[in-house]
K.L.:
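Got a structure here, written out as structure tokens. Questions coming.
Nothing fancy with the numbering, it's 1 onward along the sequence. Numbering of ligands and ligand atoms starts at 1, following listing order.
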Amino acid sequence: MTNYTPHELYINGRWVPASTGETFEVFNPADGELVACVADASSQDADTAVDAAFNALSIWSKLTAKQRGFFLKSAGDALISRTDELARLLTMENGKPLAEARGEIAYAAEFLFWFAEEGKRVYGEIIPSSVPNKWRMVQYQPIGVAAAITPWNFPIAMITRKIAPALAAGCTVVLKPAEQTPLSAFALCRIFHELNIPDGVLNCIPSSKPANIAEALLGNPLVRKITFTGSTEVGKQLFARCADQVKRISLELGGNAPFIVFPDADLEQAVDGVISSKFRCSGQTCICANRLLLHFDIAEEFIVRLTEKVKKLRIGNGLEAGVHIGPLIDRYGCTKVDMLVQDAVSHGARCVCGGKPVQNSDTLKGYFYNPTIIVDVTPDMAIWRHEIFGPVLPVVTFETEEQAVHYANDTIAGLAGYVYTQNLCRIYRMTEALQYGIIGINDPVPSTPECPFGGIKQSGIGREGGRHGIKEYLDAKYISIGI
Ligand code: NAP
């Protein structure tokens, strides 16, 4: 247990118990041990937090972008300086290996740094008038109170990717982090608290009843923006519910990323690329390779090389040195992954390695799944259509570029897609043809704070990161002046 285990909600600059007095428990997915008890926010707490955020708008939105940027930059510095303790905390609640947790802290801080500066560049426009004696201009203003709902797979970076642009734009925030990973969210709030950010600018209300909290946020007219990262299923519900009050909404939803390898690729680079894409966070990332598409000519050799490396990945508690594969987040996650694998096998697919959960032992007591490569997969299998969210890689072969494109786009998702090739013309053709919001060409880790992250089709609406990210929290106001 660390100092960063507050048991209380963060509302209006104070640490308070839930209005109901209820708490819920947070467990370490690597060993099932209790990590913390956390105040369990109610709808009433959500309303109180929204009121606080609304009241804080009059102070926060009036600060200059430079003043707001100071808080963001300082929070980023504090994150970096506390990387060791925060990474341990993150690993304890999420399970990812410590090295990945450290990487996530750095990544999370980068959003704070980027938007600390980007807030200063929210320029207006002067538009040449089509009639004499009029001045036309556009001013950008903060939307107001933004409610952020975030997932457990990146317990801190998915938060800074939202709150950094929101705060930079002059919005105030009510944050509902995932119930499996509220401790990193609290740690971040504590940093802002220690920086004396004005009361109510940032509020944090984890809850074991997410639908109730969402309902309170959606039904409250003071909330003008919903920003959600999570499953497509929940995202669609929120989207529909936003219609009532015509709230602005950003959705970062699930993916089903194809990872396509052509015969002209650097195969060693592609093998390493697919490993880093697929097995990071034990395959529980929205942009991770969900389907490996191999050209027929290189498929056999590629699978041999890949299997050799995958078999060397070390499974274990993320706090131990040298571990590559941590646990899945919970029993449900592990069962879902295994059901997809067993379904594929029952329909004719074959596991080259892995293919089942890790048997519990004295040292491994959590929800671990063996890294799995599964061949002879066909597009009619459930594993092809669903986001696996585990360390399982289904493989399909193709003969032509057209066939690869057809397979790749054969999904309702459109978040990220990957192509490995050394052929420049093919790079342009594939970039044009793939229906994805993010495309990594010979690059398995395209996410970065300065570029727009987000999906097309059913993977979402809006973008996070880059100059696009701050627009999600701004309203354009057009002003016409007779002169
Ligand atoms: P999830 O079940 O949709 O949960 C995400 C958040 O929504 C959590 O805070 C959760 O609270 C809350 N929630 C759950 N049910 C809700 C409801 N009925 N109404 C309102 N909020 C509700 O998703 P997850 O399993 O945590 O996260 C994995 C998903 O997130 C995957 O599909 C992944 O692809 C996606 N994701 C997308 C991106 C992206 O940028 N596109 C990034 C990361 C993850 P509780 O924790 O209390 O359940």
K.L.:
Give a yes or no on whether a salt bridge exists between K209 and D40, defined as a side-chain N under 4.0 angstrom from a carboxylate O.
P.N.:
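Salt bridge: yes.
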K.L.:
Using only heavy-atom distances, determine whether the side chains of T150 and T229 contain a donor-acceptor pair under 3.5 Å.
P.N.:
no
K.L.:
Report the residues that fulfil ring-ring contact (aromatic ring centres under 6.0 Å, His included) with W114, sequence neighbours left out, ordered by chain and then residue number.
P.N.:
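Scan of W114 (ring-ring contact (aromatic ring centres under 6.0 Å, His included), adjacent residues dropped) gives none.
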K.L.:
Considering residues at least two apart in sequence or located in another chain, which fulfil the ring-ring contact (aromatic ring centres under 6.0 Å, His included) criterion with F279?
P.N.:
none
K.L.:
Can R463 and E472 be counted as an ion pair, charged N to O under 4.0 angstrom?
P.N.:
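Salt bridge between R463 and E472, a charged N being under 4.0 Å from a carboxylate O: no.
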K.L.:
Can you name the ring-ring contact (aromatic ring centres under 6.0 Å, His included) partners of F259, sequence neighbours left out?
P.N.:
Y418, Y420
K.L.:
Which protein N or O atoms sit under 3.5 Å from any N or O of ligand 1? Give each pair with its distance.
P.N.:
residue, atom, partner, partner atom, Å
ligand 1, 3 (O), S231, N, 2.9
ligand 1, 3 (O), S231, OG, 2.6
ligand 1, 9 (O), T150, O, 2.7
ligand 1, 9 (O), K176, NZ, 2.9
ligand 1, 11 (O), K176, NZ, 2.7
ligand 1, 23 (O), S231, N, 3.3
ligand 1, 25 (O), W152, NE1, 3.3
ligand 1, 26 (O), W152, NE1, 2.9
ligand 1, 30 (O), G230, O, 3.3
ligand 1, 32 (O), E387, OE1, 2.7
ligand 1, 34 (O), E387, OE1, 3.3
ligand 1, 34 (O), E387, OE2, 2.5
ligand 1, 40 (O), R161, NH2, 2.7
ligand 1, 40 (O), E252, OE1, 3.4
ligand 1, 41 (N), L253, N, 3.3
ligand 1, 41 (N), L253, O, 2.8
ligand 1, 46 (O), E179, N, 2.8
ligand 1, 47 (O), K176, NZ, 3.3
ligand 1, 47 (O), E179, OE1, 2.3

